[in-house]
Amino acid sequence: MENNVVTDGQKQTSPSSSYEAAMEKISSLITRQRRGEKPPISNKLEKMSLYLQILGLEEDISKLNIIHVAGTKGKGSTCIFCESILRECGFRTGVFTSPHLIDVRERFRIDGMDISEDKFLQYFWDCWNQLEENTTEEISMPPLFLFLTLLAFKIFVSEQVDATIIEVGLGGKKDSTNVIKEPTVCGITSLGMDHTEILGDTLGQIASHKAGIFKPKVPAFTVPQPSEAMDVILERAKELMIPLEVTEPFDCKQIKGLKLGLSGDHQFYNAALAVSLCRCWLQRTGNWEKKYQNHFQDSNLPDEFMRGLSTAHFSGRAQIVYASAPNPSCSEIVSKNCGELIFYLDGAHSPESMEACAKWFSNAVVENAEESSENGHELHKGNTLGQFEKSFKRILLFNCLDVRNPDILLPRLVNTCASSGIHFSRALFVPNMSKYSKVLSGSSVISSDLHGIDLSWQFNLQRTWEKIMHGKETTVPIEKDFKIDSKQILPPPEFLYDNASSGGHSHNCRAPPSAVIPSLPLAIKWLQDCVKEYPSTRLQVLVTGSLHLVGDVLKLLKR
Ligand SMILES: Nc1ncnc2c1ncn2[C@@H]1O[C@H](COP(=O)(O)OP(=O)(O)OP(=O)(O)O)[C@@H](O)[C@H]1O
C-alpha cells in the first residue's frame, strides 16, 4: 500500500514511489525527435519566456549571478571547476549540467552535491503542477530539456544560491538556457565538429551558434580555437562591443605541479577557463576586491582557487574504478584469489574527445603500473616495470550512438593509444542499457531481457574494429535476435589469452580479437568471472564512446 504524503497542497505518494511517478512524468516529455531532425518546437526562446512567466521566475533569474558556458567539449568539466573554486571561496553554488549518468538529480547540483530526493520532488511537483494548470492550446507542456532547464531555475532561485553555473544543452543561440538575458560572465570551451546536423558542418557555423550566448556588456572568455572558429567568436564579440579574452591552458609550472581534480591534459584548458570565469565573476559581483585587493599577485592563483581545482569531482570523465584490484594510492595487498579488474571510464564521443580520452588512458595505465610496482604488491614482486606492464591486458568496452561515425572515432582512439605504446588485447561491443525513451531513477531495476534485441549496430562497430586491425574488411556474422543462452553468446574466458581458442569469435593471433556481447550486465559479469577464474589475470578496461554507456557501467558497478 502506498503512503500518502502532502506536498505543497498536492496529494502525492510516498517519496520513493513519488520519485518513480516523477520519472514517469518526466519521461512523458521526451519528444519523438530523432537526433538530426529539426527541433519539435519553433520559437523556443519565446516559449521559455512564457513558461518562466507562468512559474513567476522571470524577474528572479536576473538575480542568479550566472556563469553561462557553451562549447563542444569540456562544458561540464569547466562548470564543475567553477563550482569547486567558488565553493572554496565561500559561496553557495547551483550547477545545471547535462546529460546525467545514473539519476536525473545529477543535473542539479547544490553546494557541490546532487540535489536531495526530497528537495527534487518538492520543486519538481511545484513546477509540474503550475505548468500543467496553465497549458493551453497555444502552449502545451514543454519538451524534456526545456522542462529541466526551467526546473533548474526554479531550484536555484528557491535555494537562493550565490552563484549559478549553467551549461548549454546544445549549441547556444537557440538553446533553452539562452533565455538568460543578463549572465554575469560567459565562456566558450573547446570547439570541434559535433551535432553538425543541427549546428552546421563547418567550424564557423558551429562557433556562430556557441557565440550566440554572448550578451551586450557581459564579458566573455574562451580558450584557443582553430582560426575558422575564433574569427567568428571575435566578430560576434566585436558586434556586441564586449571584451573577449582568450585564456591559455595551464602549464604545470603555473599551477605549481598541482594535480587537478579532473584528470587528462585536456583538463588544463577547462581549468584555466574556469579560473578566468571565476575571477571575472568575483570582480563583477564586487567580491574580488574585498577578498584579494592587497595580497594577490597576478602570477599566483589564490589558495582557494588552487584547492578548488584540486578537489573538483565529476563522474564519468576520466574516472578510474578499482572493481577488483587495490587502489595503488592505498597500499592494500592484492587478493590472491582474484585477478585485477580496473575500469577506466570516459564518456568521449567526438573525434577530439576520443583523442583526449586515449591520451589520458595511455598515461593512466602506465601510471597505474608504476604505482603498483612502487607499492611492491605481493603478486608482482621481482618484476621489472616492463615485465609488470606486460602482464596487463587492455580491453576496450565500446558503444556509441548510431549517428556517430565509428570509422573516425575508433581509429582516432586506437592510433592515439598506439602512439604512446598502448595496445588493446581485445575489444568488446555492447548495447547501452539506458533507453532514450525513458528517464530512469538511479535505483531502477536493470533489465536483463535479451529478447528481440537488435545488435546490428554493435556488429557494425565490430566490423569497423576488425577493419582497422586487419587493414581490410572481414566477415563478422550479423545476428539480429540472439538465443537467450548466455553460454552460447559469451566468449569463453580463454578468449582473453593470445593462443587460446576464440570460441567462435573472430580471432587472429596477430590482431586483437573482438566480440559482440548482447547485454552490458552480461559483459561486466563476464569480466568479473574471468578475473575470479584466473587469479593471475590483470585487466584494464577502457569504457568509452558514450556517456550513457559509462553511466550504465557505473550503475552496474555500484550494485
Ligand atoms: N577540452 C577538451 N578537449 C577535448 N576533449 C575534452 C575536453 N574536455 C572534455 N573532453 C572530453 O569530453 C568528455 C565529456 O566532458 P565534459 O562533460 O566536460 O564535456 P561536455 O562538453 O559537457 O560534453 P557533452 O556535450 O558530451 O556533455 C570527456 O569525458 C572528455 O573525453
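Counting starts at 1 for both ligands and their atoms, in listed order.
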Within ligand 1, which atoms have a heavy atom of Ser353 less than 4.0 Å away?
5 (N), 11 (C), 12 (O), 31 (O)
Near Ala356 (heavy-atom distance under 4.0 Å), the atoms of ligand 1 are 4 (C), 5 (N)
Do [Y] and [X] meet the salt-bridge criterion of a basic N to acidic O distance under 4.0 Å?
X: Arg404; Y: Asp194; value: yes
X: Glu83; Y: Arg109; value: yes
X: Asp251; Y: Lys253; value: no
X: Lys467; Y: Asp407; value: yes

Donor-acceptor contact below 3.5 Å, side chain [X] vs main chain [Y]:
X: Gln319; Y: Gly316; value: yes
X: Asp552; Y: Met433; value: yes
X: Ser84; Y: Gly308; value: yes

[X] near ligand 1 by a heavy-atom separation under 4.0 Å:
X: Glu355; value: no
X: Asp194; value: no
X: Gly71; value: no
X: Ala318; value: no
X: His349; value: yes
X: Thr189; value: no

Could you check if a side-chain atom of Thr247 sits within less than 4.5 angstrom of a side-chain atom of Thr222, using non-hydrogen atoms only?
no
Taking side chain as C-beta onward, heavy atoms only, is Met354 less than 4.5 Å from Leu410?
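No; the side chains remain at least 4.5 Å from each other.
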To which protein heavy atom is [atom] closest, and what is the distance rounded to 0.1 Å?
atom: atom 23 (O) of ligand 1; result: Lys73 NZ, 3.2 Å
atom: atom 22 (O) of ligand 1; result: Gly76 N, 2.9 Å
atom: atom 30 (C) of ligand 1; result: Asp346 OD2, 3.5 Å
atom: atom 18 (O) of ligand 1; result: Ser77 OG, 2.4 Å
atom: atom 7 (C) of ligand 1; result: His266 CD2, 3.5 Å
atom: atom 27 (O) of ligand 1; result: Ser98 O, 3.3 Å
atom: atom 15 (O) of ligand 1; result: Arg317 CG, 3.8 Å
atom: atom 25 (O) of ligand 1; result: Lys75 NZ, 2.9 Å

Pairs under 3.5 angstrom only: tabulate donor-acceptor contacts from the side chains of residues 259-275 to other protein residues two or more places apart or in another chain.
unit_1: Gln267; atom_1: OE1; unit_2: Asn270; atom_2: ND2; d: 2.8
unit_1: Gln267; atom_1: NE2; unit_2: Ser77; atom_2: OG; d: 3.2

Residue pairs meeting side chain to side chain donor-acceptor pair (under 3.5 Å), one or both in residues 85-102, sequence neighbours left out, come to Glu88-Arg307, Arg92-Asp111, His100-Arg107
Heteroatom distance test ([X], ligand 1): nitrogen or oxygen, under 3.5 angstrom:
X: Glu352; value: no
X: Asn270; value: yes
X: Gln267; value: no

Assess whether salt bridge (Lys or Arg N to Asp or Glu O under 4.0 Å) is satisfied between Asp114 and Lys119, documenting all intermediate values.
CA-CA 10 Å; Asp114 300 347; Lys119 279 191 178 174; over 6 Å; no
